[in-house]
Engineer: 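Have a look at the structure that comes next, please.
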Number of protein chains: 2
Amino acid sequence: MDKRTSILRAAEKLFCELGYEGTSTRSIAREAGANMAMINYYFGSKEGVFVEIMTERIKAFGAQLTVIDEDRISPMEKLKKVIEGYAERIFLNTSFHKMMHRELSLAQRPEMYEKIKGAISTNLEVFEHIVTAGIESGDFRPVDVRMLIATIMGTISNVASSPGKVTGNTLDISNPKDRDILKERLINHLKELAQTFLEPKK
Amino acid sequence: MDKRTSILRAAEKLFCELGYEGTSTRSIAREAGANMAMINYYFGSKEGVFVEIMTERIKAFGAQLTVIDEDRISPMEKLKKVIEGYAERIFLNTSFHKMMHRELSLAQRPEMYEKIKGAISTNLEVFEHIVTAGIESGDFRPVDVRMLIATIMGTISNVASSPGKVTGNTLDISNPKDRDILKERLINHLKELAQTFLEPKK
DNA sequence: CAAAACTAATCAAACGATTGATTAAGACAA
DNA sequence: TTGTCTTAATCAATCGTTTGATTAGTTTTG
């Protein structure tokens with residue numbers, strides 16, 4: 001792994017654990033086994049590292065969404081695939097997801113947030129398109145699309161961020177097997193919710 | 001307003017906007033119209049200020065715990081009342097709600113974490129009891145209760161934290177009137193969702 | 001081919017600014 | 001006068017960033 005990449009991975013780890021402000025460039029360099037100056041050499045600034053990490057991740061998710069949207073399956077199957085994909089992705093790295101929401105909920109560092117929000121809203125549009133197309137084709141009944149998206153993403157986000165609220169701390173989330181059980185339960189719930197909520201009334 | 005109080009209010013405002021790490025004691029003093037030394041004089045440290053703010057809020061939160069559950073109305077009406085109450089409460093002070101989740105997700109400051117979690121889980125139990133009772137009485141069809149709660153709270157939290165994702169930035173959230181429109185839209189969506197999802201199949 | 005020129009990568013050291021905290025001295029009410 | 005409040009000045013530590021020098025590898029040139 002080259003220095004550039006190891007800086008990215010080290011920074012990601014520390015940002016997740018300690019937050020953006022709580023992570024110093026010195027600690028990033030130490031964790032990456034690199035010199036401090038390399039951070040500015042490759043990314044211009046600490047903020048540049050953060051933006052790079054975020055856009056990297058968001059683009060990967062966007063690519064996944066687009067692939068699903070272009071699949072030749074029914075709107076409901078698409079939606080279920082999106083739910084699965086989103087849940088899988090977030091459960092694969094919950095601490096990153098928490099970090100993203102944490103740092104985005106701050107009103108400061110405007111240019112950085114504009115960039116990231118732009119990438120997110122591109123993804124939202126694909127999501128929205130899937131549901132809207134389903135409504136237009138008559139597969140779904142008409143609903144508040146953006147609110148439905150907020151529900152799906154909000155539920156996944158909520159369960160991933162505080163799994164204890166759901167399991168009542170009977171499961172050990174640090175255990176991959178237990179985490180998988182919770183993830184499947186979440187996916188099932190959301191699929192059923194989507195099915196019930198979107199089914200056209202007869 | 002005395003200096004002590006104005007420091008608390010100034011710190012709360014800045015913590016909400018900039019996060020804990022992003023807020024300096026100097027900026028708190030400036031915002032409060034007080035000298036820097038007053039912060040350490042009254043609260044011992046920056047963290048002392050933070051702890052004071054949180055305990056203050058949590059106490060107020062616990063005092064206003066709903067008695068909806070004891071109302072003599074149908075389970076569905078109870079649930080809708082809970083949805084309304086929860087949305088109202090969070091929309092009343094979104095920035096504080098965001099800050100709470102932000103600092104909570106960092107897992108630093110463990111004593112605070114436990115305190116807040118305790119307050120939240122008390123509310124969860126009321127919530128859960130309402131839905132469970134509705135299922136037992138046959139008003140609701142059997143569903144994954146905890147997941148449903150995660151959906152409701154997750155949706156509200158999601159919309160409150162990033163309203164732009166829903167409105168597409170066509171509304172000005174800092175405008176109380178626009179914020180009210182969004183809140184009503186959210187409540188309507190969730191009521192409809194609950195109705196559709198929980199309705200027993202014939 | 002070999003010398004010269006250039007390039008990207010890396011480093012230790014230092015920059016000025018800012019951090020949270022403390023001090024000693026003054027102001028003011030009781 | 002005593003004890004509470006308030007101040008400006010200052011502390012050491014740490015922050016993100018920049019610097020100038022050095023290395024190793026590649027290109028260009030004579």
Side-chain angles (χ1 to χ4, degrees), chain A residues 1-56 99-100 102-116, chain B residues 1-56 99 102-103 106-113:
Chain A
M1 185 161 56
D2 63 2
K3 280 277 154 68
R4 202 191 110 99
T5 310
S6 66
I7 287 175
L8 279 178
R9 296 289 78 83
E12 184 176 317
K13 183 189 164 200
L14 293 173
F15 285 155
C16 286
E17 284 173 10
L18 310 168
Y20 180 81
E21 304 279 357
T23 301
S24 71
T25 51
R26 279 169 182 79
S27 64
I28 295 174
R30 199 184 315 123
E31 177 82 24
N35 188 275
M36 257 177 33
M38 302 314 299
I39 293 170
N40 300 84
Y41 176 75
Y42 282 118
F43 306 100
S45 66
K46 178 185 176 184
E47 207 174 287
V49 179
F50 185 81
V51 171
E52 179 66 24
I53 292 174
M54 298 304 274
T55 45
E56 192 182 76
M99 187 264 285
M100 193 174 99
R102 193 168 57 224
E103 303 305 333
L104 278 182
S105 79
L106 266 3
Q108 56 182 169
R109 295 189 283 276
E111 358 89 54
M112 160 165 147
Y113 292 114
E114 285 315 310
K115 224 175 176 184
I116 295 170
Chain B
M1 186 161 55
D2 64 2
K3 280 277 154 66
R4 202 192 109 98
T5 310
S6 65
I7 287 175
L8 278 178
R9 294 289 76 80
E12 183 176 322
K13 184 189 163 198
L14 293 174
F15 284 155
C16 286
E17 285 173 8
L18 311 168
Y20 179 82
E21 304 278 359
T23 302
S24 71
T25 51
R26 278 171 181 77
S27 65
I28 294 174
R30 199 183 317 123
E31 177 81 24
N35 188 277
M36 260 182 56
M38 301 313 299
I39 292 170
N40 300 83
Y41 177 74
Y42 283 119
F43 305 100
S45 68
K46 179 185 173 184
E47 186 163 332
V49 179
F50 182 81
V51 170
E52 179 66 24
I53 291 174
M54 295 309 275
T55 43
E56 195 182 73
M99 179 192 75
R102 195 165 56 223
E103 303 304 334
L106 258 173
Q108 320 276 75
R109 294 177 276 284
E111 0 96 49
M112 268 301 106
Y113 183 77

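Here is how names work: the chains are called A, B, and so on, in the same order as the sequence lines, proteins then strands, and each is numbered from 1. Bear in mind the structure is a predicted one, so any value in this text is a computation, not a measurement.
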Engineer: Specify the separation, in whole Å, of atom CZ of B:Arg4 and atom P of D:dT6.
Structural biologist: 12 Å
Engineer: What about A:Asn35, does its side chain sit under 3.5 Å from the base of C:dA12 through a donor-acceptor pair?
Structural biologist: yes
Engineer: Take B:Met54 and B:Met99 through the test side chain to side chain contact (heavy atoms under 4.5 Å, CB included) and record every step on the way to the result.
Structural biologist: CA-CA 10 Å; B:Met54 295 309 275; B:Met99 179 192 75; 3.7 Å; yes
Engineer: Tell me what B:Tyr42 touches on the nucleic acid: a base, only sugar-phosphate, or nothing, going by heavy atoms under 4.0 Å.
Structural biologist: sugar-phosphate
Engineer: A:Thr55 side chain to A:Val51 main-chain N or O, any donor-acceptor pair under 3.5 Å?
Structural biologist: yes
Engineer: Does the side chain to side chain contact (heavy atoms under 4.5 Å, CB included) test come out yes or no for A:Leu106 and B:Arg102, once each step is laid out?
Structural biologist: CA-CA 9 Å; A:Leu106 266 3; B:Arg102 195 165 56 223; 2.9 Å; yes
Engineer: Please report, rounded to the nearest Å, how far the P atom of C:dA9 is from the NZ atom of A:Lys3.
Structural biologist: 11 Å
Engineer: Using a cut-off of 4.0 Å between protein heavy atoms and nucleotide atoms, how would you tag nucleotides 23-30 of chain C 5' to 3' with B, S and -?
Structural biologist: B-------
Engineer: Which whole-number value in Å describes the distance from A:Met38 CE to D:dT23 P?
Structural biologist: 16 Å
Engineer: Give me the distances for all protein-to-nucleotides 17-21 of chain C N/O pairs that come in under 3.5 Å?
Structural biologist:
unit_1	atom_1	unit_2	atom_2	d
C:dG20	OP1	B:Thr23	O	3.1
C:dG20	OP1	B:Lys46	NZ	2.7
C:dG20	OP2	B:Thr25	N	2.6
C:dG20	OP2	B:Thr25	OG1	3.2
C:dG20	N7	B:Arg26	NH1	2.8
C:dG20	O6	B:Arg26	NH2	2.6
C:dA21	OP2	B:Asn40	ND2	3.4
C:dA21	OP2	B:Lys46	N	3.0

Engineer: Under the side chain to side chain contact (heavy atoms under 4.5 Å, CB included) criterion, do B:Phe50 and B:Glu103 qualify, and how do the steps go?
Structural biologist: CA-CA 10 Å; B:Phe50 182 81; B:Glu103 303 304 334; 3.8 Å; yes
Engineer: Kindly indicate whether the side chain of B:Phe15, heavy atoms from C-beta on, has any atom under 4.5 Å from the side chain of B:Ile28.
Structural biologist: yes
Engineer: Taking the axis from the first five pairs and the axis from the last five, what angle separates them in the helix from C:dC1-D:dG30 to C:dA30-D:dT1, rounded to 10 degrees?
Structural biologist: 20°
Engineer: So which atom in B:Asn35 and which in B:Ala37 form the shortest heavy-atom distance, rounded to 0.1 Å?
Structural biologist: OD1-N, 2.9 Å
Engineer: Looking only at heavy atoms, what is the nearest atom pair of A:Ser45 and A:Asn40, with distance?
Structural biologist: CA-ND2, 3.8 Å
Engineer: Of all the heavy-atom pairs spanning A:Lys3 and A:Gly33, show the shortest one and how long it is.
Structural biologist: CE-O, 3.3 Å
Engineer: Between B:Val49 and B:Leu8, does a side chain to side chain contact (heavy atoms under 4.5 Å, CB included) hold up when you go through it step by step?
Structural biologist: CA-CA 7 Å; B:Val49 179; B:Leu8 278 178; 4.3 Å; yes
Engineer: Could you state the atom-to-atom distance from CG of A:Leu18 to P of D:dG16 in whole Å?
Structural biologist: 12 Å
Engineer: Please report, rounded to the nearest Å, how far the C1' atom of D:dT23 is from the OH atom of A:Tyr41.
Structural biologist: 13 Å
Engineer: Using a 4.5 Å cut-off on heavy atoms from C-beta on, say whether the side chain of A:Leu14 contacts that of A:Glu17.
Structural biologist: yes
Engineer: Answer yes or no on whether A:Lys46 is positioned over the face of A:Tyr20, meaning its NZ or CZ is under 6.0 Å from the six-membered ring centre and within 45° of the axis.
Structural biologist: yes
